[in-house]
Each structure stands twice: as C-alpha cells, then as structure tokens.
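Atom set for the values below is all heavy atoms of this structure, side chains included, hydrogens, waters and symmetry mates excluded.
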Amino acid sequence: MATSVIELCNSALIDLGEEPITALTDNTKAARLCKQRWPAVRDAVLRAHPWNCAAAQAVLAASATPPAFRWASAFPLPTDCLRVLQATVGGGVVEAWETQGESLCCGESGPLELCYIRRLDDPRLYDSLLCEALAARLSATLAYPLTASTSLGQAFWNLYADKLREARGVDAREASPIPVPAPTSWLAAKVGR
C-alpha cells in the first residue's frame, strides 16, 4: 500500500522511465503533470470499481424542493460521493433512481440509506490493488505527455484494465453475493417458464 500521493506518482513515473519527484510542487514537467492529473485520475479509478476501502454509508433526508418532474423526491448526496452503489428505504432496495447533479432522485420519500463510493484522499487507506490500478492509470495518462509514445500509453491502459479485472475477482471473494432479483413475468416468458 502507498503512504503518499508522491509515492503513487513516483511509481507511475518510474514505470515510464522518468526520474522520481520529491513534491508535486517540484519545478519539473513530471511534477506539474502529476499535480494537474492526479485528482482526476484518482476519482476516475475510484468510480471505476466499488473498492471496499472507499465504501461508505449515509442516511439522507429528502430535499425540501422536489424535482420538477418524473421523481417524487431528491436527496442531496454527500459531498464526497463519487458513485452511488445502492439506495434502500427501510431495508428495501430502491429499484428506480438516478443521480442528477449532486442529488439522487427517486420515488421514495425517505429517509434514504445510501451505500456509495467516496472520494478517498489519504493513500494510506488504499487497498494494494487500488494502488496498482492508480499507478497504472496515471502511467497511461502521463505516457504521451512525458514520452511521446502512444504504444507505451496503450500498454499502460491495458495494464490498468487488467488491474481492474483482478480487483473485481478479489472483491467477488470478499463479500457475500448480491442477490439476483426474481425474474419478471416478461423475463420468465422469454426463458420459457
């Protein structure tokens, strides 16, 4: 696991054959690029997979102002929410919902129990597979600006995809399976039941 953003950036830079940096404020092209691209890469990788280390829960109250149409209620999302995983009301899963801006809209009145992926700023809390995925995606993102090599960038995009697949496999073994909803009558008719 990483101890700092600099350590993760240096993993990416070393993989690209670049010199490591000591701070994001170093007066080098690599440091400037890491500083500029790190927040977006971090958030994208956290959104790409339901990382256990970034999972969070919150209970949300409905906004006083409902959506203009389609949904009965809007629930302001936590400020650190990057991806909604599941919403429940009284233990029952909310089947129909969507995020609109910084709110989750649905037909429920609440309170809403939310499971979500949060923006996790402290690398000391990252899972080791998350660190590897972050370094691979950062390498892919920095490859062309630092090396002018599209093939090197593509190789790191492929490595990043492999790291996500590995994380999905590990996560599948770290939790109980998500129950599959009962088939609808249309689906049952399609499979001949």
Side-chain angles (χ1 to χ4, degrees), residues 1-58 76-86 99-104 114-178:
M1 289 187 278
T3 58
S4 69
V5 171
I6 298 301
E7 184 179 340
L8 288 166
C9 289
N10 282 335
S11 290
L13 292 171
I14 291 167
D15 286 349
L16 292 170
E18 297 291 317
E19 291 295 316
I21 60 175
T22 57
L24 293 176
T25 55
D26 287 357
N27 190 23
T28 65
K29 182 178 183 179
R32 287 189 298 275
L33 284 167
C34 285
K35 181 179 181 178
Q36 176 195 29
R37 307 239 172 131
W38 168 255
V41 167
R42 176 203 59 216
D43 289 357
V45 173
L46 286 169
R47 279 183 54 85
H49 177 71
W51 303 98
N52 293 335
C53 62
Q57 298 178 338
L77 292 168
T79 57
D80 64 349
C81 180
L82 291 175
R83 177 181 172 191
V84 173
L85 298 175
Q86 185 179 55
T99 57
Q100 293 181 359
E102 296 176 354
S103 295
L104 182 143
L114 187 73
C115 295
Y116 68 100
I117 295 297
R118 64 185 166 139
R119 177 175 293 109
L120 193 56
D121 293 322
D122 187 351
R124 294 173 297 176
L125 302 176
Y126 294 169
D127 175 274
S128 57
L129 291 175
L130 173 56
C131 291
E132 290 182 15
L134 283 162
R137 181 154 179 158
L138 190 58
S139 293
T141 303
L142 298 176
Y144 189 77
L146 290 176
T147 69
S149 171
T150 55
S151 62
L152 187 59
Q154 186 59 53
F156 279 106
W157 278 111
N158 294 340
L159 178 62
Y160 169 65
D162 290 344
K163 294 299 177 186
L164 284 181
R165 273 191 296 279
E166 182 182 0
R168 286 184 185 107
V170 169
D171 273 3
R173 295 182 296 274
E174 288 184 333
S176 58
I178 297 172

Heavy-atom side-chain proximity of [X] to [Y] below 4.5 angstrom:
| X | Y | result |
| --- | --- | --- |
| L8 | Y126 | yes |
| T22 | I6 | no |
| L146 | L13 | yes |
| L152 | L16 | yes |
| E18 | T147 | yes |
| L159 | S139 | no |
| W157 | T141 | yes |

Quiz item: Judged by atom type as modelled, is there a donor-acceptor pair below 3.5 Å linking the side chain of K163 to the main-chain atoms of A135?
Solution: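 A pair under 3.5 Å: no.
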Quiz item: Backbone N or O of V45 within a donor-acceptor pair of the R137 side chain at under 3.5 Å?
Solution: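 Checked: no pair found.
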For the student: nearest non-hydrogen atoms of [X] and [Y], plus distance:
| X | Y | answer |
| --- | --- | --- |
| P145 | R37 | CG-NH1, 3.4 Å |
| C34 | L142 | SG-CD1, 3.8 Å |
| G153 | A140 | O-CB, 3.8 Å |
| W51 | L164 | CZ2-CD2, 3.7 Å |
| Y160 | A133 | CD1-O, 3.4 Å |
| I21 | A30 | CG2-CB, 4.2 Å |

Practice problem: Would you check, one step at a time, whether the test side chain to side chain contact (heavy atoms under 4.5 Å, CB included) holds for D121 with R42? | Solution: CA-CA 8 Å; D121 293 322; R42 176 203 59 216; 3.0 Å; yes
Quick one: pull up [atom1] in [X] and [atom2] in [Y] and give me the separation to the nearest 0.5 Å.
| X | Y | atom1 | atom2 | answer |
| --- | --- | --- | --- | --- |
| E132 | D127 | CD | CG | 9.0 Å |
| L138 | S11 | CG | OG | 9.5 Å |
| L134 | E7 | CG | CD | 12.0 Å |
| L24 | S4 | CG | OG | 9.0 Å |
| L130 | C53 | CG | SG | 5.0 Å |
| C81 | R47 | SG | CZ | 8.5 Å |

Surrounding [atom1] of [X] (heavy atoms of other residues, nucleotides or ligands, distance under 6.0 Å), is the total greater than 12?
| X | atom1 | value |
| --- | --- | --- |
| N27 | CG | no |
| Q57 | CD | no |
| Q100 | CD | yes |

Quiz item: Y116 pairs by side chain to side chain contact (heavy atoms under 4.5 Å, CB included) with which of L82, L77, D80?
Solution: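 Passing option: D80.
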Quiz item: Checking side chain to side chain contact (heavy atoms under 4.5 Å, CB included) for the pair T150/Y144: CA distance, chi angles, key distance, verdict?
Solution: CA-CA 6 Å; T150 55; Y144 189 77; 3.8 Å; yes
Quiz item: Do D43 and R119 pass the side chain to side chain contact (heavy atoms under 4.5 Å, CB included) test, and can you show the C-alpha distance, the side-chain angles, and the key distance before you say yes or no?
Solution: CA-CA 7 Å; D43 289 357; R119 177 175 293 109; 3.1 Å; yes
Self-check item: Lys/Arg N to Asp/Glu carboxylate O, D26 vs K35, below 4.0 Å
Solution: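 Salt bridge flag = no for K35 with D26.
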